[in-house]
Every structure is written in C-alpha cells, then in structure tokens.
Amino acid sequence: MPSRYPGAVTQDWEPVVLHKTKPKSQDLRDPKAVNAALRSGLAVQTVKKFDAGSNKKGKSMAVPVINTKKLEEETEPSAMDRVKAEVRLAIQKARLEKKMSQADLAKQINERTQVVQEYENGKAVPNQAVLAKMEKVLGVKLRGKHVK
C-alpha cells in the first residue's frame with residue numbers, strides 16, 4: 001500500500017493556545033452574570049452612583065442645596081457693571097456713520113450679532129477685548145474713562 005505522506009511522518013508538538021474573547025461590559029452588568037459570579041465566589045464590584053439618571057433632588061440629600069444667587073450676592077455686593085450710556089451711543093453713532101449693520105460689525109470683530117446688540121442696548125458686561133476690536137473697526141475710542 002502506498003503511503004499518503006512522502007518522507008517520514010512527524011508529529012507537531014507545539015502547544016495550541018485558544019483565547020476566549022473578553023466579556024462585554026453590558027454582559028458583566030447583567031443580573032444573571034452577577035448572580036453567577038457571586039455563587040461561584042468571585043469578587044464582584046458594585047458602585048452606587050449618587051443621583052444617577054435623575055434630574056430631581058430628593059429630600060434626603062446628603063449635600064445641602066446652595067442657592068447660587070445668595071452666594072453671588074454675598075461674594076459680590078454690587079451688581080455687575082454694564083456698558084455705560086456714552087459707550088452705547090458712541091458704538092451706535094460710529095456704526096451708523098460707517099453705514100454698517102449690527103451683523104456687519106459683528107462679522108468684522110468676529111463675534112455674534114447678539115454681542116453687538118447687547119453692547120448697544122447696554123445689557124452687556126464690558127469686555128476689554130471686544131471693546132478693543134470695536135475701536136479698531138469703528139475708529140472710535142470706547143475704553144478709558146467711560147468704562148470701568
């Protein structure tokens with residue numbers, strides 16, 4: 001009978017290692033998997049998250065509720081300074097002389113239109129960087145004695 005293997009027959013004795021895939025985290029959180037691990041004596045780590053998944057603050061909170069308005073009033077007795085009337089009028093006058101809309105000015109100073117509106121309405125808290133950009137584009141002095 002002819003032999004199927006040409007030459008001498010050899011045995012490969014190298015070990016073969018089979019790797020199991022790691023279980024997914026969702027599978028590890030499965031109640032059945034947790035119970036099976038507890039039964040087999042494995043260590044199971046549990047973490048209780050405080051107020052997890054809810055937007056409600058219960059009556060039994062360990063941390064007291066802090067009223068941010070009261071905290072602000074305590075640390076800062078006076079209200080935030082707003083844009084002065086002279087600065088508001090100077091911005092509007094200079095912008096209209098250059099025949100620019102608020103959107104055009106906002107685009108040139110790389111800010112939102114709402115920022116320019118707030119400055120012209122006197123609702124904005126003065127930011128020296130924004131005022132400097134407006135001065136550059138409008139060619140009018142806005143900082144100095146007018147704004148603190």
Side-chain angles (χ1 to χ4, degrees), residues 5 10-148:
Y5 301 106
T10 59
Q11 181 67 36
D12 186 12
W13 290 100
E14 293 295 318
V16 176
V17 180
L18 301 175
H19 294 285
K20 288 185 178 179
T21 58
K22 279 188 167 182
K24 295 179 182 170
S25 63
Q26 180 132 9
D27 296 338
L28 292 175
R29 281 182 265 157
D30 184 36
K32 291 179 183 177
V34 172
N35 288 336
L38 287 172
R39 271 186 258 127
S40 65
L42 295 174
V44 177
Q45 180 183 7
T46 58
V47 178
K48 176 73 174 164
K49 292 187 178 179
F50 177 75
D51 256 358
S54 83
N55 204 10
K56 298 177 184 174
K57 301 292 180 189
K59 292 181 183 176
S60 63
M61 283 181 42
V63 180
V65 177
I66 299 172
N67 189 343
T68 54
K69 186 175 181 181
K70 284 183 182 178
L71 182 63
E72 228 175 75
E73 289 172 356
E74 287 177 8
T75 57
E76 299 177 20
S78 64
M80 297 293 286
D81 292 331
R82 302 288 180 197
V83 177
K84 304 284 185 203
E86 302 102 29
V87 177
R88 291 177 17 201
L89 294 173
I91 293 170
Q92 286 177 355
K93 186 177 175 185
R95 180 178 59 81
L96 293 173
E97 283 177 2
K98 293 205 171 213
K99 295 181 174 59
M100 297 172 70
S101 67
Q102 289 179 340
D104 294 336
L105 176 59
K107 196 174 205 178
Q108 286 196 3
I109 65 171
N110 204 16
E111 295 286 341
R112 295 188 326 253
T113 307
Q114 183 181 357
V115 172
V116 176
Q117 288 173 353
E118 288 174 355
Y119 271 84
E120 289 188 3
N121 293 336
K123 295 179 182 176
V125 176
N127 182 346
Q128 298 301 316
V130 174
L131 288 172
K133 289 190 251 181
M134 285 185 181
E135 283 179 349
K136 197 173 194 179
V137 171
L138 297 173
V140 176
K141 182 162 175 54
L142 302 173
R143 297 175 294 168
K145 295 179 183 177
H146 302 295
V147 182
K148 289 182 181 180

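Along the sequence shown, residues are numbered consecutively beginning with 1. Just so it is clear, the values below take in all heavy atoms, side chains as well, and ignore hydrogens, waters and symmetry mates.
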> At what distance, to the nearest 0.5 angstrom, does CD of E135 lie from CD of Q128?
Replying inline: 8.5 Å

>> Using only atom types and a distance under 3.5 Å, with no angle test, would you say the side chain of N127 pairs donor to acceptor with the backbone of A129?
In response: yes

> Would you say the side-chain atoms of E111 pair up with the backbone N or O of V116, donor to acceptor, closer than 3.5 Å?
Replying inline: no

> Say you draw a straight line from NZ of K98 to NZ of K93; how long is it, rounded to the nearest 0.5 Å?
Replying inline: 14.0 Å

> How many angstroms lie between CZ in R95 and CE in M100, if you round to the nearest 0.5 Å?
Replying inline: 8.5 Å

>> Would L131 and Y119 count as a side-chain contact (heavy atoms from CB on, under 4.5 Å) here? Give the steps.
In response: CA-CA 9 Å; L131 288 172; Y119 271 84; 3.7 Å; yes

> Taking only residues two or more places apart in sequence or in another chain, which ones pass side-chain contact (heavy atoms from CB on, under 4.5 Å) with V140?
Replying inline: A90, A94, L138, L142

>> Test your reading of the model: is there a side-chain donor-acceptor pair from R82 to the backbone of G122, 3.5 Å cut-off?
In response: no

>> Has K32 got a side-chain atom pairing as donor or acceptor with V34's backbone, closer than 3.5 angstrom?
In response: no

> So how far is it from I91 CD1 to L96 CG, rounded to the nearest 0.5 Å?
Replying inline: 11.5 Å

> Okay, side chain of K133, backbone of I109: is any donor-acceptor separation there less than 3.5 Å?
Replying inline: yes

> Got a second to check how far D104's CG is from K99's NZ, nearest 0.5 Å?
Replying inline: 13.0 Å

>> With rounding to the nearest 0.5 angstrom, report the NZ to CZ distance, K123 to R88.
In response: 10.0 Å

